[in-house]
Every structure is written in structure tokens, then in C-alpha cells.
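First up is the structure itself, then whatever we jot down about it.
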Amino acid sequence: MIYLVPDMGAEVIPGKSAAGFELGILFDDFIKQIKYKKFESRHDFDPKVEEKEIWGIFHRDEMTFNLDCINETHCKWENSVELVFDMNKSGKLTQIYLYEGYKGKLLNRLGIGDRLDSVKDEFDFDFYGDAHYLKYKKGSPHYGDVVGVEIGTNYLVEYSEEYPDQIVIGFGVYIFRDQS
């Protein structure tokens, strides 16, 4: 049997896909096509000691401080790709996180390990929480639109002239609210 593995060079497409996985796929279909090992929590998964080319799976079921129920299944491929299935939404894939080792690019321009300012001539930056977002500049047909992919950097502060040398360490691709 051929098992599903991430495509480490696939393009990062906002609101749609990354690593060769389409947002919206169902966990029940996914799990039938992979080789995996279950873990009690994310803290039990250590890709350095686990068998290679196996998905590590753990379930997260907890209540937030504002009483929202988190019911998710996380599937990790080494420390490079993490798929998050929302078990409250029929087990749909709603988030894909990409980390070191992932070679695909966002908009064919920006990849993990690149300097964030390498795209500053084409994009402005928005900052929310601890993530950056690309925003189309004036003169673009998409002026003002925000590219819906979280960009994590080695700094947890907003890009500025004071902090210009930020390196991309991860991407978060997710289903937009109007897609859920």
C-alpha cells in the first residue's frame, strides 16, 4: 500500500492548500491512507526518536477560558508539517502549519528561511497576535487585500526598521471564516 506523505515542495495557497493537502478534506478519509502512531498529547510526540515517515497523531479536547470547546485532531509529520482537523466540523481539515524543512513558497516568492523583508517592495505587512500577514501595496489590482496566511518569524514583534532582519520560520494556512 502507498501511504500519504506531505509534498514538501508544494506551493502554499492561501485558504486552499499546502504540502499537497486540500483544506476541507475529512479526517476519516485521511487516516485510512496514512501510516501513524497515536500519542496522548503533543508533548509525547518527539520526531527525533520516532520512526521516520509516520504521522504522529494526538487529540486535543479542552475548554478555553471563554468556554469555547476545542475538539481537534492534530497530525504531525516530523517537525515540518502539522494538519489540524476540527472534530466539531465533521472532522474537516481546517489548518495546515508548515515549519523548518518545508521547501514550498507562498505566492512563489516567500519560503521558510527567507527574510521577511525580501518581499517588502511588493507587499506591506500587517501584524496580529504574533504573526505577520502580507498586504498588497498601492498599484496592485489587489490593493489593500491581505494574503490569508500566517507568517511566523524568529521575532515575536512587528516588522519595522528597528526589526528588519526577521526570518520566516513557519506558515499557517487555514480555512477562511466564510469557507467553514
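Counting from 1, the numbers follow the sequence of the chain as shown.
- Partner V146 forms a side-chain contact (heavy atoms from CB on, under 4.5 Å) with one of F123, Y136, Y133 and no other, that one being Y133.
- Counting only residues at least two apart or on different chains, the side chain to side chain donor-acceptor pair (under 3.5 Å) pairs with a member in residues 108-132 are K105-D114, R109-E122, R115-D117.
- Using a 4.0 Å cut-off between charged nitrogen and carboxylate oxygen, K76 and E78 do not count as a salt-bridge pair.
- Annotation for Y155: hydrophobic cluster partners, listed by chain and number, are V157, Y163 (ILVMFWY side-chain heavy atoms under 4.5 Å, direct or chained).
- The aromatic rings of F27 and F30 lie tilted to each other, with the angle between the two planes from 30° to 60°.
- To the nearest 0.5 Å, atoms CG (D29) and CG (L93) are separated by 11.5 Å.
- If you check the side chains of E82 and H74, you find a donor sitting under 3.5 Å from an acceptor.
- Atom CD of E62 is separated from atom CG of D68 by 11.5 Å, given to the nearest 0.5 angstrom.
- For the atom pair OG of S90 and CZ of F85, the computed distance is 13.0 Å after rounding to the nearest 0.5 Å.
- Remark: aromatic rings of F171 and Y97 are distant, center separation not under 6.0 Å.
- Nearest heavy atom pair, residue F127 against residue L156, reads CZ-O, 3.8 Å.
- From R60, atom CZ reaches atom OG1 of T73 across 11.5 Å, with rounding to the nearest 0.5 Å.
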Handout entry: ring pair (Phe, Tyr, Trp, His ring centres under 6.0 Å) evaluation trace for W55 with Y3
Key = CA-CA 10 Å; W55 289 90; Y3 295 104; over 10 Å; no
